[in-house]
Amino acid sequence: MPKFQNQTISFLTKRFREVGIRPVSRHGQNFLIDMNILDLIVRSADLGPQDVVLEIGTGTGSLTTRMAAAAGHVITVEIDEHLYTLASEELFEFDNVTMLQFDVLKNKNAFRPEVMETIKEKLAEIPGGRLKLSANLPYNVATPILSNLLRSEIIPYSMTATIQKEVAERIVAQPSTKDYGALSIWLQSQCRCEIVRILPPSVFWPRPKIDSAIVQLQVDDELRGRIPDLEFFHTFSRSIFFHRRKFLRSVLMSAFKGELEKNQVDEVIEENNLQPDARAEQFTPDEVLAMSEMFRQKLHSIRG
Ligand SMILES: C[S@@+](CC[C@H](N)C(=O)[O-])C[C@H]1O[C@@H](n2cnc3c(N)ncnc32)[C@H](O)[C@@H]1O
């Protein structure tokens, strides 16, 4: 049975003092100091030998070691070179851990290519291998990480992550509520989404100012198979929420400005019995997908 790092406040403060560093808030460095929560993340991710795990934010490696004991392979990415060095001391014994040191995102919309290359390489080594994201995510980039992975070359089997409670609530929100928006639609139209546990600030060091949550997103191939053009749907669902209080007709006019004439937008609205004075937030993910298809086909018929 491997002996896991006991990431308590005294362990962290001692190690940080030894190497002369402090937690960097702009990198979302809030470390989990409740070992039961680390175990809960690993249990929720339901890891097995066929799983290649992508962890974003190695920190000192305490979640990494727990996941490495259960998974086929763990690819862990850390932006901070001091933490990377610290974690290397912890992780060098694990031959199923690949450590990468850089910003996981190339930009807000895409992962760094090296991350995808490493995932492909490791998946190829495990027969029947599948990708799972499992991480205590840095909060400033949690939303792009979860969103972008569903637009990447390698679609994960599931995503289990600690994120801000406020973002978790947006992910699972129902139509006609204040939290419902493009993120809810994008994730719910491809995954079964649930909040596993709400976490108070006291389970982290340093304590964040806000509550957090563990979310579990199970990617559903059947749901994804119903989306003919992911990129179009992604752009469409974002654009109809740019002005969430505006009526649908006006929102659609802005969304297709330069691509469709006003009368062409009205044609789609009339032909499909859409309510011009409805608001985007009233539509379920299925209804937004259907609407997105109406417009995709209209554009297709015009462009030929
Ligand atoms: C919330 S901490 C989690 C640390 C550790 N896994 C734990 O559970 O205690 C987030 C970690 O992500 C790292 N990080 C922040 N932004 C990053 C980025 N863009 N790419 C890679 N790592 C990043 C931070 O330096 C930090 O170590």
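Values below: every heavy atom of this structure, side chains too, minus hydrogens, waters and symmetry copies. Computed from a predicted model, the values in this text were never measured in an experiment. Just so you know, ligand 1 is whichever comes first in the structure, and atom 1 is the first atom listed for that ligand.
Considering only residues two or more places apart in sequence or on other chains, H27 meets the ring-ring contact (aromatic ring centres under 6.0 Å, His included) condition with none of them. For F31, the ring-ring contact (aromatic ring centres under 6.0 Å, His included) partners at least two apart in sequence or on another chain are F16. With sequence neighbours left out, R43 forms a side chain to side chain donor-acceptor pair (under 3.5 Å) with no residue at all.
Each of R244, K246, K178, R170 was scored for a salt bridge (charged side-chain N to carboxylate O under 4.0 Å, His left out) with E281, with one residue passing: R244.
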Report all N/O contacts between ligand 1 and the protein shorter than 3.5 Å as a table of atom names and distances to 0.1 Å; if there are none, say 'none'.
from: ligand 1; atom 1: 6 (N); to: G57; atom 2: O; distance (Å): 2.8
from: ligand 1; atom 1: 8 (O); to: N136; atom 2: ND2; distance (Å): 2.9
from: ligand 1; atom 1: 9 (O); to: Q7; atom 2: NE2; distance (Å): 3.1
from: ligand 1; atom 1: 9 (O); to: L32; atom 2: N; distance (Å): 3.2
from: ligand 1; atom 1: 19 (N); to: D103; atom 2: OD1; distance (Å): 2.8
from: ligand 1; atom 1: 20 (N); to: V104; atom 2: N; distance (Å): 3.1
from: ligand 1; atom 1: 22 (N); to: I79; atom 2: N; distance (Å): 3.2
from: ligand 1; atom 1: 25 (O); to: Q29; atom 2: NE2; distance (Å): 2.9
from: ligand 1; atom 1: 25 (O); to: E78; atom 2: OE2; distance (Å): 2.5
from: ligand 1; atom 1: 27 (O); to: E78; atom 2: OE1; distance (Å): 2.7
from: ligand 1; atom 1: 27 (O); to: E78; atom 2: OE2; distance (Å): 3.4

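Connection of I21 to L91 is not established within any shared hydrophobic cluster, with ILVMFWY side chains joined at heavy-atom distances below 4.5 Å, either directly or through further cluster members.
Around CZ of R22, the count of heavy atoms belonging to other residues, nucleotides or ligands within 6.0 Å does not exceed 12.
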